[in-house]
Visitor: 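Quick one: the structure is below, questions incoming.
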Amino acid sequence: MSLFRKILITAMAALTLTLTGCSTRANGYYYYEKKSFENYSLSSLSKDHPAAIVSDPDALLGDSITGRAPQNAGTSKETAVYHKATVDIPLKNVYAVSLPSSRVVETLTKGEEIEVAYYTDLFWMVKKRGVFLGYCEPDGIYSGIWDNYYAYLPEESGMARNAEGEMVAANSHLVDVRLYTDKFVIKMKLATDATSIGEPFYNRNLCMLQYDTLQKLITAAEMFEKDGYRIVIYDAYRPTSVQQRWFDVIRVHKWVADPSVGMGGIHDRGTAIDMTLMDRNGVELDMPTAVHTLTEASSRYASMTAVQKQNVNYMTNVMVQCGFDYIRSEWWHFQDTNTVNYLPTDHPIDSIPLVYMEGGNN
């Protein structure tokens, strides 16, 4: 374990931030102000890594020393710092200039090894075998340069409503799932265009959960693993503002909960997971619908095949054994039985600080 990691873990344990800048909606429900964590500085945690904290993972491609790139400013081909990367989607176009409407100079295929460098917030420069090809959009390109950067939020405490409408003491210890385990396949659906609003709610494939909720989910993963299955996470922590925006579109509480009703959306407490299972061949199990299909067909009690019913029941039984509840309307949704103990918070996914830590999955 590196010195910096030891310093950081010690600091995390010692520095618990109690936020006082909360706002109360007119109806009396409790929320944290958006971006309330931004006044909390992590840069003093290590003199050896003054540039360890970043907010934009793409910017890590821009400078090999500081880990930063000028925001919204182009980098020239002559001064660019390139890093090894791999194409992670079936087909990836490389353009002659940094416009998707320009001439396609080459179409890369999944698994091809390339080099990429930051150019602008929307385009990277691409080389293959040291030869400059052109420009591509960042999505679908995997570069391991930020594998050791993990999202970090300080612990928080305050008051939140329980199911009876009473204000009770609650806390939050949201953690980046990747820091503690590699047992899950993470496919945050709200970071893709495949949402019910036709665009992403945020851009990072970042999965965060309450620390204690994650421990329960790891136990479930180990049980599934014995049977040859792996958990696929499609949604986890969802900021209150994202919950509100989604509800404002759907307007059906049983599919997307109104944050102002009862305990709210649960996802903004970091204790809910939308998930399915895949087998050893990477094939997802046959379930009644795709995740986030907001129709009656997604109900646990809807008409489904015998195999689908068996798969839903198997997944549900394991999750219940590990300390999770479920709801009727969505076969994919599970929530920690201790949800009432956790705060709803509104930390924008794309702005949560990233901290460099060697190793992970500890």
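Only a predicted model underlies this, so the values are computations on that prediction, with no experimental measurement involved.
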Visitor: Check side-chain contact (heavy atoms from CB on, under 4.5 Å) between T289 and all other residues, then give those that pass, not counting sequence neighbours.
Guide: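 Only T293, A297, S298, W331, W332 meet the side-chain contact (heavy atoms from CB on, under 4.5 Å) criterion with T289.
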
Visitor: Identify every side-chain donor-acceptor pair in residues 110-117 under 3.5 Å, counting partners at least two apart or on other chains, and give the distances.
Guide:
unit_1	atom_1	unit_2	atom_2	d
E112	OE1	K128	NZ	3.1
E112	OE2	T109	N	2.7
E112	OE2	T109	OG1	3.2

Visitor: Side-chain donor-acceptor pair under 3.5 Å between Q308 and D286, yes or no?
Guide: yes

Visitor: Which residues pass the side-chain contact (heavy atoms from CB on, under 4.5 Å) test with Y142, sequence neighbours left out?
Guide: D88, D147

Visitor: Any sub-3.5 Å donor-acceptor pair from R178's side-chain atoms to Y149's backbone N or O?
Guide: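 Yes.
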
Visitor: May I ask you to check whether T240 and D268 show a side-chain donor-acceptor distance below 3.5 Å?
Guide: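 Side-chain D/A pair, T240 to D268: present.
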
Visitor: Which Ile, Leu, Val, Met, Phe, Trp or Tyr residues join V97 in one cluster when any pair of side-chain heavy atoms under 4.5 Å counts as a link?
Guide: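 Result for V97 is L99.
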
Visitor: When the ring planes of Y237 and H347 are compared, do they come out parallel, tilted or perpendicular, using 30° and 60° as the limits?
Guide: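 Rings of Y237 and H347: tilted, as their planes differ by 30° to 60°.
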
Visitor: On a heavy-atom basis, which atom in I266 and which in M263 lie closest, and how many Å separate them?
Guide: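 Shortest heavy-atom separation between I266 and M263 comes out as CD1-CB, 4.1 Å.
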
Visitor: For a quick check under 3.5 Å, do Q321 and N317 share a side-chain donor-acceptor pair by atom type?
Guide: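 No, because no side-chain N or O of Q321 sits under 3.5 Å from a partner of the opposite role on N317.
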
Visitor: Where do A160 and P344 come nearest, in terms of heavy atoms and distance?
Guide: CB-CD, 3.7 Å

Visitor: State which residues pass side-chain contact (heavy atoms from CB on, under 4.5 Å) with S299; sequence neighbours excluded, sorted by chain then number.
Guide: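 Per chain and number, S299 pairs via side-chain contact (heavy atoms from CB on, under 4.5 Å) with Y301, A302.
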
Visitor: Using modelled atom types only, decide if a donor and an acceptor are shared between the side chain of K92 and the backbone of G140 within a distance under 3.5 Å.
Guide: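 No, K92 side chain to G140 backbone: no donor-acceptor pair under 3.5 Å.
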
Visitor: Show, in sequence, the C-alpha distance, side-chain angles and deciding distance for Y135 and F132, and conclude whether the ring-ring contact (aromatic ring centres under 6.0 Å, His included) test is met.
Guide: CA-CA 9 Å; Y135 305 84; F132 180 78; 5.6 Å; yes

Visitor: Dump the intermediate steps for ring-ring contact (aromatic ring centres under 6.0 Å, His included) on H267 and W246, then the final yes or no.
Guide: CA-CA 12 Å; H267 278 277; W246 201 5; 8.2 Å; no

Visitor: Who pairs with D212 by side-chain hydrogen bond (donor to acceptor under 3.5 Å, both in side chains), at least two apart in sequence or on another chain?
Guide: Y342

